[in-house]
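Each chain gets a letter, A, B and so on, in the order the sequences are listed, and its residues count up from 1.
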2 protein chains.
Amino acid sequence: MPYPVRVSETTRAMRADAARTVRTILEAAERVLSRNPAASMEQIAEAAGVARTTVHRRFASREALVDAMAAWATRRFAEAVDSANPDTTPPLVALYQVTASVLRVKLDWGFAMSLALSSDPEVARVHADVRERCDRLFSRAQATGVLRADVDPGWARQVYYALIHEAAQSRDGDPDALAARVVDTLLRGVGTGQGL
Amino acid sequence: MPYPVRVSETTRAMRADAARTVRTILEAAERVLSRNPAASMEQIAEAAGVARTTVHRRFASREALVDAMAAWATRRFAEAVDSANPDTTPPLVALYQVTASVLRVKLDWGFAMSLALSSDPEVARVHADVRERCDRLFSRAQATGVLRADVDPGWARQVYYALIHEAAQSRDGDPDALAARVVDTLLRGVGTGQGL
DNA sequence: AGAACTTGCAACAATGATGATGCAAGTAGA
DNA sequence: TCTACTTGCATCATCATTGTTGCAAGTTCT
């Protein structure tokens, strides 16, 4: 028989214990899949301390689980970007704040955040939206003279994303220190400027 | 019956047509797996224009195929690094040449080159070896004043690898142009230096 | 030409992952 | 307390993938 509430179908009210289980599963899935994207539902269930059937009762399919992860992380991602007010704060400040803010999310939801091209169009929309805000920020940074004018904006964004990714991988310090390192490297590189 | 020659087992002389088939399969596997690392043997065989059984006759298992890809790409990787003489050429020149050289390989064997931690210890050894040569190069670059002294060498390498990866993904230009962009970004970043 | 090798095809076994369900025991909430 | 919900367990069906094999037809190389 179809189970009363399935996360992948509706978002109706849920009993507290069920909601807790869902969160536990999502967190376990992040932990497991970030280490091995091909891990089985069994491994995820085990990491969550839950029977495999429980996972299937909460998520209609593996795809539904992954979609839910993407949706969850994407919401936190969007909140993180919003909280830094990248459209109004001065570019350089915004750059630091967005970076630190996003890193805080990415440290916990690295795998889920990599699911930019989800089957859920809402997720894809948010990612595209963030990308645009990033480009606008870079535009303003260029106008302010923070960013070089001769740099391809697409390349700059790509490098920025990659640096955030690497910083999150390294986990070498708190989010603020990592953000400082990312922005410093993004803007100044690692060279002295001698011999160029 | 066990098949006469299996790439995963020996490297005995092979009939010309068989050698061609092996190459075709390796190239197809790279193409398919770089798009979808979870692709089936069937999909790889199809991309190679070959029956699935032929793939299994040449590679005892999926793992053996992947290992062969890693071994093949690793050899080309090592050759690429060697050809740039990173230990003797002046650091800045070496940086450009290594980058361009590695990019040429990575454009064709991106997936296979990502298999640094292969079950084949020889592959892991070569990757570790290259990493050390990279560190030595950066050391020399720091001594020459090309690289800033206050930058963590580990972070510099990580950024360098990431930039090469991004450049290879973008495929925006020939290897030399990409290398120039990578080195420029690595050393100078994308900022003007104003406001820092 | 002849031996050895290679390939595609068809068929098969083995395996592991996915997803569903009925049931009993336990828990949340009114 | 009573009801509805939730979970674990055992079980089942289905499915896709992997890996093997025999055979016939074609190719390489000598």
Side-chain contact test, heavy atoms from C-beta onward, threshold under 4.5 Å: evaluate it for A:V123 versus A:L115 and give yes or no. no
Letter per nucleotide, 5' to 3', of nucleotides 6-18 of chain C [B base touched, S only sugar-phosphate touched, - untouched; heavy atoms, 4.0 Å]: BBBBB------SB
Take A:E79 and A:R75, measure what salt bridge (charged side-chain N to carboxylate O under 4.0 Å, His left out) needs, and give me the verdict at the end. CA-CA 6 Å; A:E79 288 167 3; A:R75 191 176 318 168; 5.6 Å; no
Counterpart residues, side-chain hydrogen bond (donor to acceptor under 3.5 Å, both in side chains), relative to B:E30 (two or more places apart): none
How long is the line joining CG of B:L65 and P of D:dT17, in whole Å? 16 Å
Side chains of B:D172 and B:R181, heavy atoms from C-beta outward: is any pair under 4.5 Å? yes
5'-most contact on DNA chain D: B:A16 or B:F59, nearest heavy atom basis? B:F59
It should be established whether A:R6 places a side-chain nitrogen or oxygen under 4.0 Å from OP1 or OP2 of nucleotide C:dA20. yes
Could you work out, with ring pair (Phe, Tyr, Trp, His ring centres under 6.0 Å) as the rule, every residue matching B:F111, not counting sequence neighbours? none
